[in-house]
Amino acid sequence: MLKKIITLIIIQFSFPSTLIAKELNVFACEPEWKSLVEEIGGEKVKAISATHAKQDPHYIRARPSLISKIRRADLIFCSGAGLEVGWMPILIQKAKAEVQPGSIGYLMASKYTPIIDIPKSIDRGHGDIHPEGNPHVHLDPNNIPIIAKELYRRLVIIDPINKSYYNSRYNNFISRWDKSLLEWEKEIQDIKGKNIVIHHKSFDYMFYWMGLNEVAALEIKPGIPPTAAHLNDILQTVNKDTVDLIVVSPYDPPKGATWLSNKTKIPFVILPYTIGGNEESNNLFALFDSSIKILQDALYYK
Ligand SMILES: [Zn+2]
């Protein structure tokens, strides 16, 4: 009996709980990064997203449930470039030292991608919420492999035991992405050069990649909601012969777009923007498949 107890004690101490492989906790700010983590990290990661597709990622409340989630995080993965500036600084104070800004567990996607829409002069007094340029970097599909590579590099440093696992998933993801990208490049040929009115500058990376022209924004500046006067100004300059489509995201208030569409007969669509933005968009591949399909359907015969 005593021997059995001693054996049990030895087993207990030979495998302390810290050495038993456990999932990495990833705190993603947006659903697109949660999805990318799951592509590369598979069953070795447990990712949560602080926001969902129907929430404007610029503005959420740093609620207590997010504090308890960020405390556990081994990796924080966000867009950066100011997108989360309204709510991340409070949360990050509650996180571990290993995920503080500047450390390996703090990954901001926009630090690795080209940034567009950088304002010529920064005037925060006017409330522009894109003072560092456009933070919605996930919507250029060319940016995804760049960010995936950095994510893979970080995962291997944080969790070296699973390096070969991450390596095979990373390579698999990149080869599938490259293949899809070639298909998408073909599919967007037919819609190049069309003219679009947007609500917020959420889709600039996607439209830039697609060769679509963004002719007006319903917001006065990024983050400044449309006024009746601004909408009337737009009404004077656009009509259904000069503008092909009005595009909004699932989190934009649709009132301005609906009003302009009713007045001008320019059609309007909601693009998914991120994972969960519509029924089809349940991963990054489906997000681009669905966005292209919606735009093709709306623009091809115009
Ligand atoms: Zn924005």
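In each ligand, atom 1 is the first atom listed, and ligand 1 is the first ligand listed. Both backbone and side-chain heavy atoms feed into the values below; hydrogens, waters and symmetry mates do not. For the single chain, residues carry numbers from 1 onward in sequence order. Predicted model only: the values in this text are computed from it and were never measured.
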Check: Y152/N167 side-chain N/O donor and acceptor closer than 3.5 Å: yes
For a quick check under 3.5 Å, do S168 and N171 share a side-chain donor-acceptor pair by atom type? no
Out of the N/O/S atoms in H58, what is the name of the one closest to the Zn ion (ligand 1)? NE2
Of all N, O or S atoms in H130, identify the one at the shortest distance from the Zn ion (ligand 1). NE2
Does the side chain of S79 come under 3.5 Å of the side chain of E30 through a donor N or O and an acceptor N or O? yes
Proximal heteroatom of H136 relative to the Zn ion (ligand 1) (N/O/S): NE2
Modelled atom types, side-chain donor and acceptor of T51 and Y251, under 3.5 Å: no
